[in-house]
Amino acid sequence: MAGKLDGKVALVTGAGRGIGREIALKLGGEGARLVLNDLDAGPNEEVVEELRARGIEAVSCPGSVTAPDFAERFVGKAVSAFKGIDIVVNNAGYTWDSVVQKMTDEQWYAIVDCHLTAPFRILRAAQPVIRQLAKADVEAGQRNVRKIVNISSMAGVFGNAGQVNYAAAKAGVMGMTLTLAKEWGRMNVTVNCVAFGLIRTRLTSTDASEGASAKIEGRDIKIGVNPDLLAMMERTIPMARGGTPEEAAGAVYLFCIPESDYVSGQTLICSGGLAGI
Ligand SMILES: NC(=O)c1ccc[n+]([C@@H]2O[C@H](COP(=O)([O-])OP(=O)(O)OC[C@H]3O[C@@H](n4cnc5c(N)ncnc54)[C@H](O)[C@@H]3O)[C@@H](O)[C@H]2O)c1
């Protein structure tokens, strides 16, 4: 059966687990060929293998999105493996929280680098490739709308105590989205954002009271949420639960399909109906 994204080339960062993994599986299931990144090479490779086992073409581009050479490497991989770029999903990320008076410069820059500077560099590196592809489409008399989806957060839309670094970076991504929607419209590219509320992933559903942490860029970063706090958060959600990674991927998918070809510069809130925090 034909998929909605047959033959498209999709690049997804942070695809080794959580929402990024589900985005990769969803786009691949609809026919896209994938270039997948994650900081953790093992989980990233597992997703690549899972896709290949389903007959979906996928290649791996592991490493941190914050590495200065990453953007060129990622875009280069898409060009060498599949000779194109149709969809870019800037999803990789984590949180490193503190109230403002305790937040160090290191914490600030680590989060801004990952959530804002890295997507900027990836899109900057993709621009010349997309421009050439768009020009070739026009010359061939084809209309092909390319799609950028940047991942933001309710914290970026409404602010969140303890997350000044993350909220600022996620708000910045929305500003970048609005700007590139204006710069890239002529190349037939839509640029949109999905801002998640509470989605149940490692980031939110690990029991923080057990002192869980993840090794991220050489640092031990605390992950998870206290279960009582999580339960309280879920009670404030109209749908009374956090979303699943599959549901989160569904919101991203909406911006990748032809039905959204004339929607650009938007932020879609995917939060189970929660309209503020
Ligand atoms: N889960 C939520 O409730 C929620 C809410 C709002 C926004 N988000 C955003 O959704 C995105 C995905 O988060 P998730 O919940 O799936 O988390 P997750 O921890 O389950 O997955 C994130 C993935 O990104 C990878 N990653 C982290 N830093 C990286 C880096 N520097 N380079 C490459 N890969 C890196 C991790 O290794 C991990 O596999 C993030 O941008 C996050 O900020 C999540």
Side-chain angles (χ1 to χ4, degrees), residues 5-15 20 23-24 27-28 31-39 44 57-93 112-152 169 172-194 252 255-258 260-266:
L5 303 176
D6 276 346
K8 302 281 184 197
V9 178
L11 289 72
V12 184
T13 65
I23 294 169
L27 302 186
R33 296 172 289 163
L34 290 138
V35 184
L36 301 186
N37 153 266
D38 202 281
L39 183 62
N44 198 47
E57 287 182 76
V59 293
S60 170
C61 186
S64 176
V65 293
T66 64
D69 66 342
F70 175 74
E72 305 294 339
R73 206 158 55 77
F74 195 38
V75 167
K77 189 86 182 179
V79 173
S80 64
F82 301 127
K83 305 198 170 20
I85 297 177
D86 295 292
I87 296 167
V88 180
V89 184
N90 279 306
N91 166 78
V112 171
D113 282 355
C114 183
H115 290 273
L116 184 56
T117 309
F120 152 70
R121 286 185 179 149
I122 290 167
L123 298 178
R124 180 177 62 182
Q127 196 277 351
V129 176
I130 291 178
R131 191 185 60 222
Q132 276 303 114
L133 293 166
K135 194 165 159 242
D137 286 343
V138 171
E139 284 165 4
Q142 288 170 352
R143 200 174 72 91
N144 185 14
V145 179
R146 293 185 168 77
K147 313 277 191 163
I148 310 298
V149 187
N150 295 317
I151 301 306
S152 186
V173 151
M174 291 193 285
M176 188 169 68
T177 298
L178 287 165
T179 300
L180 293 191
K182 290 185 174 169
E183 289 188 11
W184 289 14
R186 282 193 198 134
M187 297 195 301
N188 251 331
V189 181
T190 68
V191 188
N192 292 293
C193 225
V194 177
V252 172
F255 283 134
C256 297
I257 55 177
S260 63
D261 275 0
Y262 200 59
V263 180
S264 193
Q266 302 302 307

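Treat the numbers as computed from the prediction; the structure is a model and nothing was measured.
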State, yes or no, whether a side-chain contact exists between [X] and [Y] at a heavy-atom distance under 4.5 Å.
X    : Y    : result
Q266 : S260 : no
P258 : V145 : no
V9   : L11  : yes
V89  : F255 : no
L123 : N150 : yes
I130 : V189 : yes
R121 : F70  : no
R124 : L180 : no

Nearest heavy atoms of [X] and [Y], plus distance in Å:
X    : Y    : result
M176 : P119 : CE-CB, 3.6 Å
F82  : L34  : CE1-O, 3.5 Å
I151 : V173 : O-CG1, 4.1 Å
A126 : I85  : CB-CD1, 4.1 Å
A169 : V112 : CB-CA, 4.1 Å
A92  : V65  : CB-CG1, 4.0 Å

Quiz item: Can you list the residues that meet the side chain to side chain donor-acceptor pair (under 3.5 Å) rule with S152, with sequence neighbours excluded?
Solution: none

Measure the [atom1]-[atom2] distance between [X] and [Y] for me, rounded to the nearest 0.5 Å.
X    : Y    : atom1 : atom2 : result
N192 : S264 : CG    : OG    : 5.0 Å
T190 : I87  : OG1   : CD1   : 9.0 Å
C256 : L5   : SG    : CG    : 6.5 Å
R33  : D6   : CZ    : CG    : 10.0 Å

Practice problem: Evaluate side chain to side chain contact (heavy atoms under 4.5 Å, CB included) for S60 paired with L36, printing each intermediate quantity in order. | Solution: CA-CA 5 Å; S60 170; L36 301 186; 5.7 Å; no

Is the backbone N or O of [Y] less than 3.5 Å from a side-chain atom of [X], with the two atoms forming a donor-acceptor pair by type?
X    : Y    : answer
N44  : A15  : no
N37  : P62  : no
T177 : G265 : no

Quiz item: Which residue pairs pass the side-chain hydrogen bond (donor to acceptor under 3.5 Å, both in side chains) test when at least one of the two sits in residues 180-189, sequence neighbours left out?
Solution: none

Quiz item: Can you pull the salt bridge (Lys or Arg N to Asp or Glu O under 4.0 Å) pairs that have at least one residue in residues 75-88, sequence neighbours excluded?
Solution: D86-R146

Quiz item: Please walk me through it: do N144 and K8 pass side chain to side chain contact (heavy atoms under 4.5 Å, CB included)?
Solution: CA-CA 10 Å; N144 185 14; K8 302 281 184 197; 2.8 Å; yes

